[in-house]
Amino acid sequence: QVQLVESGGGSVQAGGSLNLSCAVSGFGLDYYAIAWFRQAPGKEREGVSCIDGRNGIYYLDSVKGRFTTSRDTTRSTIYLQMNSLKPEDTGVYYCATREVFGREWQRWKHARYYYKWGQGTQVTVSS
């Protein structure tokens, strides 16, 4: 059974850092894309980053240089290290998964292509 469980959210001041974790079970990391999405109140869910199996790592333009996603296959865990946080980074952060995108990698940022989601973890950045 595929499961994803996020942790690591919290409240920080602008300029601070948080490291989110997504513990996965029920599938092999090499064959699946695992993405981080976020959703602010009243806004659509947007893709933040994606590790597409062994194919590549992709980021939302506004987080490039500040956020880093990585994986630990021995722990079956995906991480999102968030530095230089801004108030506009506030939202509920979700991890999500589906089979690797491969040549269709440009779809990674669209929530409709993922079929399994975690429960989310709240990130609040104050100015």
Side-chain angles (χ1 to χ4, degrees):
Q1 185 178 1
V2 174
Q3 285 190 321
L4 305 96
V5 179
E6 303 95 336
S7 61
S11 297
V12 297
Q13 290 191 327
S17 299
L18 284 172
N19 189 24
L20 305 184
S21 299
C22 175
V24 306
S25 60
F27 60 95
L29 296 183
D30 283 348
Y31 306 103
Y32 283 76
I34 301 179
W36 286 98
F37 281 78
R38 67 187 180 190
Q39 188 166 23
K43 294 188 176 181
E44 291 189 357
R45 199 167 292 191
E46 67 175 352
V48 175
S49 68
C50 176
I51 297 180
D52 189 30
R54 294 185 173 184
N55 298 317
I57 300 176
Y58 313 112
Y59 293 95
L60 180 68
D61 284 347
S62 63
V63 307
K64 286 180 180 177
R66 299 190 297 123
F67 291 11
T68 302
T69 191
S70 61
R71 68 180 193 177
D72 184 338
T73 55
T74 62
R75 297 177 183 269
S76 294
T77 301
I78 305 297
Y79 301 98
L80 183 66
Q81 176 66 44
M82 305 186 295
N83 299 325
S84 302
L85 282 161
K86 303 175 181 181
E88 51 263 44
D89 294 319
T90 293
V92 179
Y93 282 68
Y94 301 89
C95 57
T97 190
R98 55 153 286 149
E99 293 87 356
V100 293
F101 286 100
R103 286 180 290 181
E104 297 178 330
W105 63 271
Q106 291 184 348
R107 294 182 174 184
W108 75 265
K109 63 185 69 173
H110 301 292
R112 65 181 181 271
Y113 291 113
Y114 296 81
Y115 58 74
K116 190 66 177 181
W117 294 79
Q119 82 288 352
T121 185
Q122 176 70 44
V123 171
T124 303
V125 185
S126 58
S127 58

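Only a predicted model underlies this, so the values are computations on that prediction, with no experimental measurement involved.
With contacts defined as side-chain heavy-atom distances shorter than 4.5 Å, the pair D30/R71 qualifies. A heavy-atom distance below 4.5 Å is found between the side chains of Y94 and Q39.
Listed by chain and residue number, nothing satisfies the side-chain hydrogen bond (donor to acceptor under 3.5 Å, both in side chains) test with N19 (two or more places apart in sequence, or in another chain). Taking S17 as the reference, Q81, N83 meet the side chain to side chain contact (heavy atoms under 4.5 Å, CB included) condition, with sequence neighbours excluded.
Atom OH of Y93 is separated from atom SG of C22 by 14.5 Å, given to the nearest 0.5 angstrom. Rounding to the nearest 0.5 Å places CD1 of I57 at 11.5 Å from CD1 of I34.
Residue pairs that meet the salt bridge (charged side-chain N to carboxylate O under 4.0 Å, His left out) test with at least one member in residues 115-126, sequence neighbours left out, do not exist here. Contacts classified as disulfide bond (SG atoms under 2.5 Å apart) and involving residues 46-92 (residues at least two apart or in different chains) are not found. Applying the ring-ring contact (aromatic ring centres under 6.0 Å, His included) test to residues at least two apart or on different chains, the pairs with a partner in residues 12-40 are F27-Y32, F37-Y114, F37-W117.
Criterion: ILVMFWY side-chain heavy atoms under 4.5 Å apart, direct or through other members. Under it, V24 and L80 are part of a common hydrophobic cluster. Neither V2 nor V5 shares a network with the other; the hydrophobic side chains, linked directly or stepwise wherever heavy atoms of I, L, V, M, F, W or Y lie under 4.5 Å apart, form separate groups for each. Both V63 and M82 are assigned to one and the same hydrophobic cluster, defined by single-linkage of ILVMFWY side chains at heavy-atom distances under 4.5 Å. Hydrophobic clustering (side-chain heavy atoms under 4.5 Å, transitive across Ile, Leu, Val, Met, Phe, Trp, Tyr) keeps Y58 apart from L60.
Judged purely by atom type and a 3.5 angstrom limit, D72 uses its side chain to pair as donor or acceptor with the backbone of R75. A donor-acceptor distance shorter than 3.5 angstrom exists from the side chain of T90 to the backbone of V125, with no hydrogens or angles considered. A distance-only check finds a donor-acceptor pair linking the side chain of Q119 to the backbone of E6 [under 3.5 Å]. At least one donor-acceptor pair under 3.5 Å links the side chain of Y59 to the backbone N or O of T69. No donor-acceptor pair closer than 3.5 Å links the side chain of Q13 to the backbone N or O of S126.
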Show me, pair by pair, the donor-acceptor contacts under 3.5 angstrom made by side chains of residues 95-111, not counting sequence neighbours?
{"from": "T97", "atom 1": "OG1", "to": "A33", "atom 2": "O", "distance (Å)": "2.9"}
{"from": "R98", "atom 1": "NH1", "to": "Y113", "atom 2": "O", "distance (Å)": "3.4"}
{"from": "E99", "atom 1": "OE2", "to": "Y115", "atom 2": "OH", "distance (Å)": "3.2"}

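Here K86 does not pair with D89 in a salt bridge; the nearest charged N to carboxylate O distance is not below 4.0 Å.
Of all the heavy atoms in G9 and T121, the pair that sits closest is N-OG1, 3.1 Å. Minimum interatomic distance between S21 and T77 (heavy atoms only, all atoms of both residues): CB-CG2, 4.1 Å.
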